[in-house]
Q: 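Just dropping this structure here.
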Amino acid sequence: MKRHLISAADLSRDDAVLILDTAEEMGRVADRPIKKLPTLRGRTVVNLFFEDSTRTRISFEAAAKRLSADVINFSAKGSSVSKGESLKDTALTLEAMGADAVVIRHHDSGAPHRLATSGWIGGSVVNAGDGTHEHPTQALLDAFTLRRRLGDGPGTDLAGRRVTIVGDILHSRVARSNVHLLSTLGAEVTLVAPPTLVPVRTEQWPCEVSYDLDAQLAKSDAVMMLRVQRERMNAAYFPTEREYARRYGLNGQRMARMPEHSVVMHPGPMNRGMEITAEVADSPRCTAVEQVTNGVSIRMAVLYLLLSGAEPAVTDTSENPAAAPAAAPGPATRTEENA
């Protein structure tokens, strides 16, 4: 059976905790003089990006290389896609080249699921963001950052933690994945946005919805700010940027109302002065840069579990850090069965 990571909703609590715990081990590799493990030597990972990306693409590339995999970076710009080549023909080309895993970002929701279930490719498929649907590895790195910052150790989940997600929920794949994953890990999630930026049928989501940011700040362990995605908008969803920032932007005064232990998160890229001020973005409570660092560890864990085995990675403590053995093959995350 093929093994993929398409949606955060497909992960059970045990699946998610396994990935987080494995990422803890992978994070120790970054502290070594030689930042490499031989686990995926001889495997080929293709980064198939149909949308612009900085953090996610570089993060997946760094993760694969630290596991000694061969990495092929594919960008739609300058490829045969610009000549009209279909996703199917691109996938068949990658299969012919022996890709063991394909990390795909696509502007159309459902493209990774189509790639994983079509039979066009035999390797694992990892969703790096599809349209406004999902971005599961971003949710995993957010949960990993939360668990570390809030003092919860390996083997634990986020039970009882309160997370408030603020901003453009309607167009955010990060919000959707975080709602699924954080609720699976036991966190209480609240979405805050103008009514025009709240998706329909959110009552079916495992979260609460509020239109008042100030009412949520004092009881939040983490506040996650989301960028307003103007490139996906075809209408006016709020009067002006100033009005949006006044009602839903996080500034120093609002941050001061949050509990002392709470943190401010942002998946990036951020629009300083709109959803978050420079004062908040540069404060010690903001985890934006830490999230980027943790993204490499999480993506190492995902690739490791998909392509190598399901047992947590045990890093080598000997003088030769490159001698860590690869785990035996086994199941990783649950097989993708639905969109």
Side-chain angles (χ1 to χ4, degrees), residues 55 129 131-135 138-139 142-143 145-146 149 161-183 187-203 205-289 291:
R55 294 160 199 74
T132 60
H133 178 225
E134 283 217 38
H135 193 353
Q138 179 67 47
D142 290 341
T145 303
L146 270 176
R149 272 295 191 107
R161 299 297 187 180
R162 293 185 174 183
V163 181
T164 301
I165 303 176
V166 186
D168 186 0
I169 309 297
L170 179 64
H171 302 101
S172 177
R173 54 196 173 207
V174 173
R176 286 166 173 78
S177 287
N178 266 299
V179 166
H180 290 307
L181 184 70
L182 295 177
S183 61
E188 300 174 21
V189 182
T190 301
L191 303 178
V192 177
T196 53
L197 291 177
V198 176
V200 296
R201 292 192 290 275
T202 50
E203 67 276 2
W205 295 13
C207 64
E208 301 293 327
V209 176
S210 173
Y211 306 114
D212 186 355
L213 173 58
D214 293 311
Q216 303 300 320
L217 294 174
K219 54 186 178 181
S220 298
D221 294 300
V223 175
M224 183 182 301
M225 305 306 297
L226 300 177
R227 176 177 67 90
V228 173
Q229 300 186 41
R230 290 195 174 277
E231 70 276 13
R232 300 187 192 277
M233 293 182 176
N234 54 10
Y237 289 86
F238 46 85
T240 64
E241 291 186 3
R242 179 179 294 180
E243 176 71 8
Y244 179 89
R246 187 179 70 83
R247 293 287 304 274
Y248 296 100
L250 187 63
N251 54 31
Q253 292 180 337
R254 283 190 165 126
M255 185 173 66
R257 300 177 205 161
M258 296 166 55
E260 291 186 5
H261 70 277
S262 61
V263 296
V264 177
M265 309 184 75
H266 199 300
M270 62 176 67
N271 293 323
R272 293 177 181 235
M274 191 167 180
E275 76 268 9
I276 189 170
T277 63
E279 177 187 0
V280 176
D282 296 330
S283 73
R285 300 175 73 172
C286 183
T287 66
V289 176
Q291 287 169 260

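Start at 1 with the first residue, then count along the sequence. Remember, predicted model here, so these are calculated numbers, not experimental data.
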Q: Under the side chain to side chain donor-acceptor pair (under 3.5 Å) rule, collect the residues that match up with Arg55, sequence neighbours excluded.
A: none
Q: Listed by chain and number, what are the salt bridge (Lys or Arg N to Asp or Glu O under 4.0 Å) partners of Arg272, not counting sequence neighbours?
A: Asp282
Q: Taking only residues two or more places apart in sequence, or in another chain, which ones meet Glu188 in a side chain to side chain donor-acceptor pair (under 3.5 Å)?
A: Arg162
Q: Decide yes or no for Gln291 and Met265: does some side-chain heavy atom of the first lie under 4.5 Å from some side-chain heavy atom of the second?
A: yes
Q: Count the heavy atoms belonging to other residues, nucleotides or ligands that lie under 6.0 Å from CD of Gln253, then report whether that count exceeds 12.
A: no
Q: Should we count CZ of Arg247 as having more than 12 external heavy atoms under 6.0 Å?
A: no
Q: Taking atom CZ of Arg242 as the centre, report whether more than 12 heavy atoms of other residues, nucleotides or ligands fall under 6.0 Å from it.
A: no
Q: At what distance, to the nearest 0.5 angstrom, does CD of Glu203 lie from CD of Glu208?
A: 11.5 Å
Q: Who pairs with Arg201 by salt bridge (Lys or Arg N to Asp or Glu O under 4.0 Å), at least two apart in sequence or on another chain?
A: none
Q: With a 3.5 Å cut-off and no angle check, do the side chains of Glu134 and Ser177 form a donor-acceptor pair?
A: yes
Q: Taking all non-hydrogen atoms of both residues, which atom of Gly273 and which atom of Ala245 are closest, and how far apart?
A: O-CB, 4.0 Å
Q: Thr145: what forms a side chain to side chain donor-acceptor pair (under 3.5 Å) with it, not counting sequence neighbours?
A: Asn294
Q: Sequence neighbours excluded, which residues qualify as side chain to side chain donor-acceptor pair (under 3.5 Å) partners of Ser172?
A: none
Q: Output, in order, the C-alpha distance, side-chain angles, deciding distance and verdict of side chain to side chain donor-acceptor pair (under 3.5 Å) for Gln216 and Asp212.
A: CA-CA 7 Å; Gln216 303 300 320; Asp212 186 355; over 6 Å; no
